[in-house]
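Computed from a predicted structure; not experimentally measured.
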Amino acid sequence: MTRRRLTDHPVAGILFVLPFFLVVVVFLVVPLGYAFWLSLSSKSLALGTRFTGFDNYVRAFTDPMLLDGFVRVVVFGAVQIPVMLGIALVGALALDAITTRFAVAFRLIAFMPYAVPAVLGALMWGFLYSRTFGPFADLPTVFGGAPVDFFSAGLLLASLGNIVTWAWTGYNMIVLYSALQGVPRELYEAALIDGASQIQLAWRIKVPAIKQAIALATVFTVIGTMQFFVEPYVMSRFAPQISAGYTPNLYAYNQAFAYSDFHYSATISFTLGFVVFVAAYAFVLVSRRRRGDS
């Protein structure tokens, strides 16, 4: 009778999965459960900690500062996301069409901003935007124009959008370029034999072939945009108009660490998570219906 290998035993599979399961429970499930419990309670000097149910959520959905932050982030994403993904798509198509060694160097150069920590990138752009030390503010004066205040109310969102676009365009470009590498080259050859130009090849063959990758990049970008935090937090040192509730994540951070209201901060976090989930699910649902998927 031959001995069964250890990996053939059903307990072996459990042992292999157990470390990952424990990490998920300890560092994800338990913190989320504790944060959700915090969101269902409140703390005051007079009454102490008490269970309040969904009162904090009612407060969150009627909080003018939180709602203003949501609207601001939605407006920011409505402009910044299409611009960034559009540039990333054009860059990916250009890389796919280039067969020289320059393509390798360009991929590395485009990906480098993503490798820079977000805090350092925001600080760098804060220096570049500075009217005192930065090289950009006085650039229009060379052509007879007035200096530019990148931290003014009218340009602040655009300045923040430029930082995010600079940091994430290369990442999304590499994702889309990788998807293009999986498209069969026979499709390109057949289209070229039929007389298609490079623009027609890109628009009618390549883009439809990577629609799922574009949709996935869009979902991740929407999620990242709704969690907008690092750039406005760093830029608040240079732009006083960035208030405590400039974005939902910044509002939750200030509620916890500036006002010590951890219960309401947890509520804002779960409210933001719910909104992100609904937005991402709605986008995926619409994308599937357009493709005719079930």
Interatomic distance, OG@S236 vs CD@E231, rounded to 0.5 Å, equals 12.0 Å

Interatomic distance, CG@N56 vs OG@S42, rounded to 0.5 Å, equals 4.0 Å

Original post:
Do the side chains of M65 and F270 join up, straight or via other hydrophobic residues, at under 4.5 Å, putting them in one cluster?
Top reply: no

Contacts of R50 meeting salt bridge (charged side-chain N to carboxylate O under 4.0 Å, His left out) (sequence neighbours excluded), chain-then-number -> none

Distance col, row Y171:OH vs L176:CG, nearest 0.5 angstrom, shows 10.5 Å

Heavy atoms of T247 and P232 approach each other most closely as CG2-CG, 4.0 Å

d(Q255 CD, L66 CG) to nearest 0.5 Å is 9.0 Å

Quick note, ring-ring contact (aromatic ring centres under 6.0 Å, His included) partners involving residues 45-72, not counting sequence neighbours, are F54-Y57

Sorted by chain and number, sequence neighbours left out, side-chain hydrogen bond (donor to acceptor under 3.5 Å, both in side chains) with Q80 holds for T165

Rounded to the nearest 0.5 Å, the CD1 atom of I98 sits from the CZ atom of R107 at a distance of 10.0 Å

L32, M226: one ILVMFWY side-chain cluster at the under-4.5 Å cut-off? no

In this structure, CG of L250 is separated from CD1 of I242 (nearest 0.5 Å) by 8.0 Å

Side-chain donor-acceptor distances from residues 89-96 under 3.5 Å, at least two apart:
unit_1 : atom_1 : unit_2 : atom_2 : d
D96    : OD1    : Q181   : NE2    : 2.9
D96    : OD1    : R185   : NH2    : 3.0
D96    : OD2    : K206   : NZ     : 2.9

**Prompt:** Got Y246 and L160 here, is their nearest side-chain heavy-atom distance under 4.5 Å?
**Reply:** yes

Sorted by chain and number, sequence neighbours left out, ring-ring contact (aromatic ring centres under 6.0 Å, His included) with F228 holds for F76

What pairs of donor and acceptor atoms, side-chain ones from residues 118-134 against any protein atom, are under 3.5 angstrom apart with sequence neighbours left out?
unit_1 : atom_1 : unit_2 : atom_2 : d
Y129   : OH     : S159   : O      : 3.0
Y129   : OH     : N162   : ND2    : 2.9
S130   : OG     : T132   : N      : 3.2
S130   : OG     : F133   : N      : 3.3

Exercise. Determine, using the 4.5 Å side-chain heavy-atom cutoff (strictly less than), whether W168 and L157 are members of one ILVMFWY cluster.
Key: yes

Practice prompt. Kindly work out whether a path of hydrophobic side-chain contacts (I/L/V/M/F/W/Y, heavy atoms less than 4.5 Å apart) joins V58 to L40.
Written response: no

Sorted by chain and residue number, the side-chain hydrogen bond (donor to acceptor under 3.5 Å, both in side chains) partners of T271 (sequence neighbours excluded) come out as none

Between N249 (side chain only) and Q227 (backbone N and O only), is there a donor and an acceptor less than 3.5 Å apart? yes

Residues passing the ring-ring contact (aromatic ring centres under 6.0 Å, His included) test with Y188, sequence neighbours excluded, are none

Tightest non-hydrogen contact, residues A209 and V183, listed as CB-CG2, 3.8 Å

Handout entry: Exam field: side chain S197 to backbone Q200, donor-acceptor pair closer than 3.5 Å
Key = yes

All N/O donor-acceptor pairs, side-chain side in residues 216-225, below 3.5 Å, sequence neighbours left out:
unit_1 : atom_1 : unit_2 : atom_2 : d
T218   : OG1    : I214   : O      : 2.7
T221   : OG1    : A217   : O      : 2.6
T225   : OG1    : T221   : O      : 2.8

Those residues at least two apart in sequence (or on a different chain) that pass ring-ring contact (aromatic ring centres under 6.0 Å, His included) with F257 are Y253

All heavy atoms of A215 vs all of F283, minimum pair found to be O-CE2, 3.5 Å

Contacts table for residues 258-267: side-chain donor-acceptor under 3.5 angstrom, sequence neighbours left out:
unit_1 : atom_1 : unit_2 : atom_2 : d
D261   : OD1    : Y264   : N      : 3.2
H263   : ND1    : L38    : O      : 3.0
H263   : ND1    : S41    : O      : 3.2
H263   : ND1    : S41    : OG     : 3.0
Y264   : OH     : D63    : OD2    : 2.6
S265   : OG     : A252   : O      : 2.8
T267   : OG1    : S39    : O      : 3.3
T267   : OG1    : H263   : O      : 3.0

- Query: Near Y233 OH, under 6.0 Å, is it more than 12 heavy atoms from other residues, nucleotides or ligands?
  - Reply: no

With sequence neighbours left out, the residues meeting ring-ring contact (aromatic ring centres under 6.0 Å, His included) with F277 are none

- Message: Within the 4.5 Å heavy-atom criterion, are L192 and Q198 side-chain neighbours or not?
- Response: yes

Using the rule that Ile, Leu, Val, Met, Phe, Trp and Tyr join whenever any side-chain heavy atoms are under 4.5 Å apart, tell me whether F106 and V175 fall into a single cluster. yes

